[in-house]
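Sequence lines set the chain letters: A, B, ... in the order given, protein chains first and strands last, and positions in each chain run from 1. Source: prediction; values computed, not measured.
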Number of protein chains: 2
Amino acid sequence: MSTTRQAGFLIAKINQAAGRIFARMLRERGIDIHPGHGRILFVLWQHGPMPIHDLARRVSLGKSTLTNALDRLEASGDVRRVRSDEDRRSITVELTPKTAETRHVYEDVSRAMNEQFYRDIPDAEIDAFEATLKRILQNLE
Amino acid sequence: MSTTRQAGFLIAKINQAAGRIFARMLRERGIDIHPGHGRILFVLWQHGPMPIHDLARRVSLGKSTLTNALDRLEASGDVRRVRSDEDRRSITVELTPKTAETRHVYEDVSRAMNEQFYRDIPDAEIDAFEATLKRILQNLE
DNA sequence: TAGATTTTGTTCGATATCGAACTATACTGC
DNA sequence: GCAGTATAGTTCGATATCGAACAAAATCTA
């Protein structure tokens, strides 16, 4: 493997920069959501209610991070925790109606973010790029 | 821009997962360096001493984050802060000889990390991928 | 050259993230 | 069924990261 390979470094930089920009955009629109929490809502919007351990896997955050984040999202009225009947250990996380409003703003900002992200990059290159991202993600899981 | 675009989300996930793996690998080899601090050392190894504001730009971390991280790296004897003579506001950060030892381990781990990252992905695809990463980084700066 | 502006770094308070240890519940093999 | 193991979440302590406000030094402008 060549020493010129530096994907981890580049991705970390991009993530820092993109996270700052994304948080600022949301803040300017009156939504005070940290990117990590945004990812949680995003997954729940996409896939519906799910237990915490599934959620942790899908957003790639540690369990204890989820506990903390869900405490906060529950206090602000965005999600609910429901203990499962089949498995009394498991807790299902579901969105409240309140989040339907923020969803539009979140998606607008995501779109704007993507536009900046991919400015002047041809569609074919973007497709290839995202395909590689998915392969890398599989390699890490 | 299609709604199927989700680079930010994928990159955030990859960054979380890769960061955890990277930190664990370093810890197992007796080096207790958080990925963020590792990036700082990496840049200094690559480019030599530089003022804090340049460093912040190159690692894509906020100024106040750098202050904190450098306090820690200075306390552990890895870096030194030297106030510049030409510009009395500016502080140059330089590595101490101590870090020469950790550099080998860090580079070994980076290599191992890259291998896992890019497992089963052809070289041509990797080259294209990293080229796109660089373009995206420019779009965010 | 004096006052305004810009740049550099720090301080401060708030929050996110992690791993290790823990509790409670479920499963498994005998 | 019972002892041992595995799994789901939480708690706890340590650390990273951020933005806003600040202080000090340099630069610009009139």
Side-chain angles (χ1 to χ4, degrees), chain A residues 12-13 15-28 31-41 49-76 79-93, chain B residues 12-28 31-41 50-76 79-93:
Chain A
K13 282 185 67 170
N15 190 53
Q16 296 285 350
R20 269 194 304 263
I21 295 171
F22 196 64
R24 179 166 47 76
M25 283 179 170
L26 285 171
R27 216 179 317 124
E28 282 168 355
I31 299 194
D32 208 1
I33 286 185
H34 185 275
H37 292 184
R39 298 213 308 280
I40 294 172
L41 298 180
M50 69 179 66
I52 292 180
H53 63 104
D54 281 350
L55 195 51
R57 194 170 35 77
R58 283 192 190 270
V59 296
S60 203
L61 289 171
K63 286 187 304 176
S64 57
T65 306
L66 259 289
T67 296
N68 202 319
L70 291 176
D71 284 349
R72 203 156 277 281
L73 288 171
E74 199 168 27
S76 63
V79 307
R80 256 193 306 268
R81 278 190 252 229
V82 183
R83 187 157 296 268
S84 159
D85 280 335
E86 305 95 48
D87 187 338
R88 306 279 305 147
R89 293 168 305 182
S90 176
I91 292 179
T92 301
V93 183
Chain B
K13 283 185 67 172
I14 289 172
N15 189 54
Q16 295 286 348
R20 270 195 304 263
I21 294 170
F22 196 64
R24 180 165 47 75
M25 283 179 170
L26 285 171
R27 217 179 315 125
E28 282 167 356
I31 300 193
D32 209 1
I33 287 186
H34 186 274
H37 292 185
R39 298 212 309 280
I40 293 173
L41 298 180
M50 68 179 67
I52 293 181
H53 64 103
D54 281 349
L55 195 51
R57 195 171 33 79
R58 282 192 191 270
V59 296
S60 203
L61 289 171
K63 288 186 303 177
S64 56
T65 306
L66 259 288
T67 297
N68 201 320
L70 292 177
D71 284 349
R72 202 156 276 281
L73 288 171
E74 200 167 27
S76 62
V79 307
R80 256 194 305 268
R81 278 190 252 227
V82 183
R83 183 153 306 261
S84 160
D85 279 335
E86 306 96 49
D87 186 338
R88 307 279 306 146
R89 293 169 304 180
S90 178
I91 292 179
T92 300
V93 183

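By the 4.5 Å heavy-atom criterion applied to side chains, B/Arg39 and B/Arg58 are not counted as neighbours. Residues B/Gln16 and A/Leu61 have side chains in contact (heavy-atom distance under 4.5 Å, counting atoms from C-beta outward). With contacts defined as side-chain heavy-atom distances shorter than 4.5 Å, the pair B/Ile14/A/Asn15 does not qualify. The shortest side-chain heavy-atom distance between A/Arg20 and B/Ser60 falls under the 4.5 Å cut-off. The closest side-chain heavy-atom distance from A/Leu70 to A/Val79 is below 4.5 Å. B/Leu73 has its side chain within reach of B/Ile40: a pair of non-hydrogen atoms, C-beta onward, lies under 4.5 Å apart. Using a 4.5 Å cut-off on side-chain heavy atoms (C-beta onward), A/Lys63 and A/His53 make no contact.
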Tabulate protein N/O versus nucleotide N/O from nucleotides 22-28 of chain D, keeping only pairs under 3.5 Å, one per line.
| from | atom 1 | to | atom 2 | distance (Å) |
| --- | --- | --- | --- | --- |
| D/dA26 | OP1 | B/Arg88 | N | 3.0 |

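Across residues 65-72 of chain B, B/Thr65, B/Asn68, B/Arg72 each have a non-hydrogen atom less than 4.0 Å from an atom of DNA chain D (numbered order).
For the pair A/Asp32 CG and D/dG19 C1', the computed distance is 11 Å after rounding to whole Å. Between the CD atom of A/Glu28 and the P atom of D/dA20 there is a distance of 10 Å, given to the nearest Å. Atom P of nucleotide D/dG19 and atom CD1 of A/Ile33 are separated by 17 Å, given to the nearest angstrom. In this structure, A/Ile91 atom CD1 and D/dT11 atom C1' are separated by 14 Å, rounded to whole Å. Summarising the geometry, the separation between CG on B/Leu73 and P on D/dT15 is reported as 13 Å, rounded to the nearest angstrom. Residue A/Ile52 contributes atom CD1, which lies 11 Å from atom P of D/dT11 at whole-angstrom precision. Per the geometry, NE2 belonging to A/His53 stands 12 Å off C1' belonging to C/dA26, to the nearest Å. A straight line from CZ of B/Arg57 to P of C/dT7 spans 13 Å, rounded to a whole angstrom.
Residue A/Arg20 places at least one side-chain N or O closer than 4.0 Å to OP1 or OP2 of D/dC18. Considering only side-chain N and O atoms, B/Ser90 lies under 4.0 angstrom from the phosphate OP1 or OP2 of C/dG9. Of the side-chain N and O atoms in B/Gln16, none sit less than 4.0 angstrom from OP1 or OP2 of C/dA16. OP1 or OP2 of D/dA16 has at least one side-chain nitrogen or oxygen of B/His37 nearer than 4.0 Å.
Residues A/Ser64 and A/His34 each lie close to DNA chain C; by heavy-atom proximity, the contact nearer the 5' end of the strand is made by A/His34. Position along DNA chain D of the nearest nucleotide to A/Pro51 versus A/Ala17 favours A/Pro51 as the more 5'-ward residue.
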**Request:** Go through B/Val82 and B/Ile91 one step at a time and tell me if the side chain to side chain contact (heavy atoms under 4.5 Å, CB included) criterion holds.
**Result:** CA-CA 5 Å; B/Val82 183; B/Ile91 292 179; 5.9 Å; no
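Between the side chain of A/Arg81 and the backbone N or O of A/Val93, no donor-acceptor pair lies under 3.5 Å.
Among the heavy atoms of the strands lying under 4.0 Å from A/Arg81 are primed sugar atoms or P, OP1, OP2 only; no base atom is included. B/Arg27 comes within contact range of the sugar-phosphate backbone alone, with a heavy-atom separation under 4.0 Å but no base atom that close.
A salt bridge is absent between B/Glu74 and B/Arg80: the closest approach of a Lys/Arg side-chain nitrogen to an acidic carboxylate oxygen does not fall below 4.0 angstrom.
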